[in-house]
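The structure under discussion appears below in the form of structure tokens.
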Amino acid sequence: MKDFLTYHHCKSFPQLLDSPMKCGEPSKSEKVFLLLAIKSSPANYEHREAVRKTWGAEKTFNGVNIKRIFLSGIPKPEREGKRIMQLLNIESQMYNDVLQWEFYDTFYNLTLKQVLFLTWLEANCPGAQFIFSGDDDVFVNIKNVVIYLKGQGKAGSKQHHFVGALNIGMPPVREPYSKYYVPQQLFNETSFVPYCGGGGIIMSGFTACSIFKASQNIPLFPIDDAYLGMCLKKAGLKPENHEGIRTFGIQLPAVDSFDPCYHREMLVVHRFVPYEMLVMWKFLQLTELNCTKKSSGKPPK
Ligand SMILES: *[C@@H]1O[C@H](CO)[C@@H](O)[C@H](O)[C@H]1NC(C)=O
Ligand SMILES: *[C@@H]1O[C@H](CO)[C@@H](O)[C@H](O)[C@H]1NC(C)=O
Ligand SMILES: *[C@@H]1O[C@H](CO)[C@@H](O)[C@H](O)[C@H]1NC(C)=O
């Protein structure tokens, strides 16, 4: 936290890895229907590989164009740090899907990651119609996401749209040893403004731009998803809940049943280890899944 407070006014860091043509010419970037922006710590190589092979594959799907980018900082200077940096370099050359900035990739720096990404987005891919922002251990049912977003109509990307697992009246954690600790000196309210859990959020290009503008006047805050909520509020916009996005808040245990019939109806579900992503992906490719009843939207036992 002390570290956070020392640095929380710094919003610009040198960029080490880039993919400036990810969306083609910026002025033509509206060709990108969905940009998957996945927060990934440098060491999470297996997660990135699994995402690339499954839901994060870049392709044209149902006539729309999907692009993928991983957002990363730098590893702490530990023994493996140098090799991990080399690894990211290699990945960037192989797949052209890594943005890396020179800040330590830690939990309290996730807000910085979001803000730097939004800055990159405005410069390099301002036309992207929709943006998925999420973790590298979620499973995205990309087919459902595309169907859902296509359902927003032609003007959908130019209107406000921000959905995820909504938290209302969430109190900040005051235990100094918690990962989510927020000291009173930094935030003295009893609850956060409404926000969607950062594991998986879907927003329109319009909303991403509005958040970016609002963020210019809001100091960084250690909890990245709550920060996005603050930006929305400043922009006069509201986050919304989507039943199909199951990235539970901070204390709840993962309810990640492995029943493919459950996932068939979801958009985003969290906590998958890499091999599970592959297995679930294969399951969902088998079109004739024998799902006896339509799931009620509740996780099965
Ligand atoms: C965020 O990154 C900066 C730059 O590397 C680092 O000095 C700082 O300690 C990091 N902050 C936290 C809270 O880890
Ligand atoms: C937080 O607010 C309370 C009540 O308004 C006040 O008494 C207290 O001094 C504040 N604490 C800090 C650290 O600002
Ligand atoms: C689905 O059920 C039918 C009849 O019970 C069975 O013949 C078929 O093999 C099943 N398909 C799969 C993919 O399990």
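As the structure lists them, so they are numbered: ligands from 1, and atoms in each ligand from 1. Side chains included, hydrogens not; waters and symmetry mates left out as well; all remaining heavy atoms used.
Taking the six-membered ring for Trp, F187 and F192 have ring centres closer than 6.0 Å. In this structure, the ring of H161 has its center less than 6.0 angstrom from the ring center of Y148.
Residue Q184 has no nitrogen or oxygen atom sitting less than 3.5 Å from a nitrogen or oxygen atom of ligand 2, judged on distance alone.
Near ligand 1, residues D3, F4, Y7, F13, F103, Y104, T106, Y108, N109 come within 4.0 angstrom through at least one heavy atom.
Taking both residues in full, the closest heavy atoms of Q129 and S157 are given as O-CB, 3.2 Å, listed atom of the first, atom of the second, then distance.
With sequence neighbours excluded, the residues satisfying disulfide bond (SG atoms under 2.5 Å apart) with C125 are C23.
Just one residue in the list N109, L112, L5, L186 forms a side chain to side chain contact (heavy atoms under 4.5 Å, CB included) with P222, and that residue is L186.
Shown here is Y45, whose OH atom has no more than 12 heavy atoms of other residues, nucleotides or ligands within 6.0 Å.
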